[in-house]
Each structure stands twice: as C-alpha cells, then as structure tokens.
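Notes follow the structure.
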Amino acid sequence: MTWTAPEITRTDPPLVGNERTMLDGWLDAHRQTLLFKCAGLTAEQLTLRSVEPSSLSLLGLVRHMAEVERWWFRRSFAGEQLGDLYCREASPDGDFDEIHPADAETDFTTFATEVALARKAVAGRSLEETFLSTRQAEMSLRWVYVHMIEEYARHNGHADLIRERIDGVTGG
C-alpha cells in the first residue's frame, strides 16, 4: 500500500490576543498550511519537482521546514548541541535534493517531532530573551518567531504552486 499524506484540519489564527498568542497562532497556522498543501497526495506525488532547474518539491519543503524549526528554535535560541537533519557539508541542500518516496512518512514524522520540540524549547520563555547568532549578532526570540512566520509564508506560496502543478488543486 502506498503511503498518503494525512488530511489535516487547520485552525484560524486568533483575531485578538497578546503578542505571544498572536505569534504562536500565526506560526501554527502556517505550519498547518504546509501540511494541508500535502494532504491526500501519495509519497510519489510529494517528491515531484516544481520546474527545472528547481529542486523544490512538497516533500522537500516539509524536510526543509523541519530543518529550519530545529535550527532556529533548538540550536540557535535554546543552544542545544544538535546536528543537521538532512543538510551536511557534502550536500548542503540535502533537504531538497535527497528525497525519496520511501522516506515520506518518516519525514512527516520528523517534521511533527521538530515542531513539538520547538514548542517545548520556547515554552515559558520571554520574547525579549536574546541569544547570539552564528554571526555573533544579538537576536531575540521575537525575531525568530517573525522570521519563521515569514519563512513559512514564502514556502507556502511555493507549496501552492507545486500542488496546483501536481493535481490542479488550488486555494486554502
């Protein structure tokens, strides 16, 4: 039996709330949107590339965002000593380049795990809390949230186009 990306119920971000509630709500909405764009597709469909020469695919985007969640929330902000998930010196774009349908279910599980661990890494932490980036610039947790929302928004636009190319589904 071929694995298919699960259906997902998206929740709307809050219309009112404090800053942290709004940031968490918008970030979660974007996380869910990426999965929504993948829902119902087979592992093979998830690996289809957008257009040459791009290596973008929906599975690549899921893998990339798992890598980005890990990088910003756990490695950079929380200071956890972790390796990369898919990218390494020999293959800096391994998240996009080294995809295979047989790994799709595992890659989706990895994404869900990284999101859960990112939430845990920032639970109870102030948006004002800072850390030194790899460039030795002081950055705040607030910046990470805003950046992550921007990162998802950009890639969800890519996901819209890729999904439409695969099966004509638009919207959402």
Side-chain angles (χ1 to χ4, degrees), residues 2-8 10 23-24 26-50 53-123 125 129 131-137 139-141 143-163 166:
T2 301
W3 183 82
T4 302
E7 297 297 323
I8 182 155
R10 291 187 302 165
L23 290 171
D24 279 329
W26 277 99
L27 182 54
D28 282 341
H30 279 291
R31 289 167 170 156
Q32 293 166 4
T33 296
L34 178 58
L35 297 177
F36 180 79
K37 289 296 173 183
C38 298
L41 295 177
T42 66
E44 290 76 19
Q45 289 173 308
L46 292 167
T47 63
L48 293 175
R49 308 294 182 160
S50 56
S54 175
S55 63
L56 283 179
S57 68
L58 289 170
L59 186 58
L61 289 172
V62 169
R63 289 164 51 102
H64 176 69
M65 292 313 298
E67 191 87 63
V68 173
E69 291 270 358
R70 174 181 274 219
W71 172 262
W72 283 111
F73 287 114
R74 297 177 61 209
R75 286 179 66 178
S76 297
F77 176 72
E80 294 181 37
Q81 299 299 308
L82 302 164
D84 292 320
L85 291 169
Y86 308 107
C87 303
R88 46 191 196 291
E89 192 173 323
S91 182
D93 293 321
D95 46 358
F96 292 111
D97 294 342
E98 298 175 1
I99 59 171
H100 193 276
D103 300 328
E105 184 174 10
T106 300
D107 291 338
F108 271 68
T109 299
T110 299
F111 174 81
T113 299
E114 287 301 323
V115 167
L117 292 170
R119 286 185 181 117
K120 183 178 177 185
V122 299
R125 308 286 289 268
E129 195 169 333
F131 62 96
L132 287 178
S133 74
T134 55
R135 294 180 219 138
Q136 299 302 305
M139 305 174 96
S140 69
L141 178 57
W143 184 93
V144 173
Y145 267 92
V146 172
H147 172 69
M148 289 298 293
I149 291 166
E150 174 271 330
E151 180 96 2
Y152 272 103
R154 180 166 26 97
H155 289 312
N156 282 339
H158 298 137
D160 284 336
L161 295 172
I162 296 168
R163 179 65 189 249
I166 292 169

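Values below: every heavy atom of this structure, side chains too, minus hydrogens, waters and symmetry copies.
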Q. Which distance, rounded to the nearest 0.5 Å, do you find between the CG of Leu34 and the CZ of Phe111?
A. 5.5 Å

Q) Crowded around Gln81 CD? As in, over 12 foreign heavy atoms under 6.0 Å? A) no

Q.
Contact between Arg163 and Leu41 at the side-chain level, heavy atoms closer than 4.5 Å - yes or no?
A. yes

Q. Side chains of Val146 and Trp26: does their closest heavy-atom pair fall under 4.5 Å?
A. no

**Q.** 4.5 Å side-chain heavy-atom contact, Arg125 and Phe77
**A.** yes

Q: Report the C-alpha distance between Glu80 and Arg75 in whole Å, list the side-chain angles of each, state the deciding distance to 0.1 Å, and finish with yes or no for salt bridge (charged side-chain N to carboxylate O under 4.0 Å, His left out).
A: CA-CA 5 Å; Glu80 294 181 37; Arg75 286 179 66 178; over 6 Å; no

Q) Does the distance from a Lys or Arg side-chain N to an Asp or Glu carboxylate O, for Arg63 and Glu67, drop under 4.0 Å? A) no

Q) Does a side chain donor of either Glu151 or His64 reach within less than 3.5 Å of an acceptor in the other side chain? A) yes

(Q) Checking side-chain contact (heavy atoms from CB on, under 4.5 Å) between Arg70 and each of Leu85, Thr110, Leu117, which is the one that passes? (A) Leu85

Q: Quick one: closest heavy-atom pair of Phe73 and Ala121, and the distance?
A: O-CB, 3.9 Å

Q. Say you draw a straight line from CZ of Arg154 to CG of Leu61; how long is it, rounded to the nearest 0.5 Å?
A. 10.5 Å

Q: Would you sort out whether Met65 and Met148 count as a side-chain contact (heavy atoms from CB on, under 4.5 Å), showing the intermediate values?
A: CA-CA 9 Å; Met65 292 313 298; Met148 289 298 293; 4.1 Å; yes

Q. Taking the side chain as C-beta and beyond, is there a heavy-atom pair between Ile149 and Leu23 under 4.5 Å?
A. yes

Q.
Quick one, His100 with Thr47, criterion side-chain contact (heavy atoms from CB on, under 4.5 Å). Give me CA distance, side-chain angles, the key distance, then yes/no.
A. CA-CA 7 Å; His100 193 276; Thr47 63; 6.0 Å; no

Q | Gln32 and Tyr152 side chains, donor-acceptor separation under 3.5 Å | A | no

**Q.** Criterion side-chain contact (heavy atoms from CB on, under 4.5 Å) on Ile162 and Leu48, from CA distance to verdict
**A.** CA-CA 8 Å; Ile162 296 168; Leu48 293 175; 6.0 Å; no

Q. Would a distance-only check, ignoring hydrogens and angles, find a side-chain to backbone donor-acceptor pair under 3.5 Å from Ser54 to Ser50?
A. no

(Q) Quick test of your reading of the model: are Glu69 and Arg31 salt-bridged, counting only N-O distances below 4.0 Å? (A) yes

Q: Test Ile99 against Arg49 for side-chain contact (heavy atoms from CB on, under 4.5 Å), laying out the working first.
A: CA-CA 10 Å; Ile99 59 171; Arg49 308 294 182 160; 3.7 Å; yes

**Q.** Rounded distance (nearest 0.5 Å) linking atom CD of Glu44 with atom OG1 of Thr4
**A.** 8.5 Å

Q) Between Glu98 and Arg88, is the closest basic N to carboxylate O distance under 4.0 Å? A) yes

Q: Heavy atoms only: give me the nearest Cys87-Gly94 pair and the separation to one decimal.
A: SG-N, 4.1 Å

(Q) Taking the side chain as everything from C-beta on, heavy atoms only, tell me whether Leu59 gets closer than 4.5 Å to Phe96. (A) no

**Q.** Interatomic distance, Tyr86 atom OH to Asp93 atom CG [nearest 0.5 angstrom]
**A.** 14.5 Å

Q. Do the side chains of Ile166 and Leu58 get nearer than 4.5 Å, heavy atoms only?
A. yes

Q | Within-4.5 Å side-chain heavy-atom neighbours: Val144 and Ser76 | A | no

Q. In terms of ring plane angle, is the pair His147 and Trp143 parallel, tilted or perpendicular, where the classes change at 30° and 60°?
A. parallel

Q) Would you say the side-chain atoms of Asp24 and Tyr145 include a donor-acceptor pair closer than 3.5 Å? A) yes

Q) Can a donor-acceptor pair be found between the side chains of Ser55 and Asp97 at a distance below 3.5 Å? A) yes

(Q) Is any side-chain heavy atom of Cys38 closer than 4.5 Å to one of Val62? (A) yes

Q | Interatomic distance, Thr106 atom OG1 to Trp3 atom CH2 [nearest 0.5 angstrom] | A | 9.0 Å

Q) Roughly how far, to the nearest 0.5 Å, is CZ of Phe36 from CG of Asp160? A) 10.0 Å

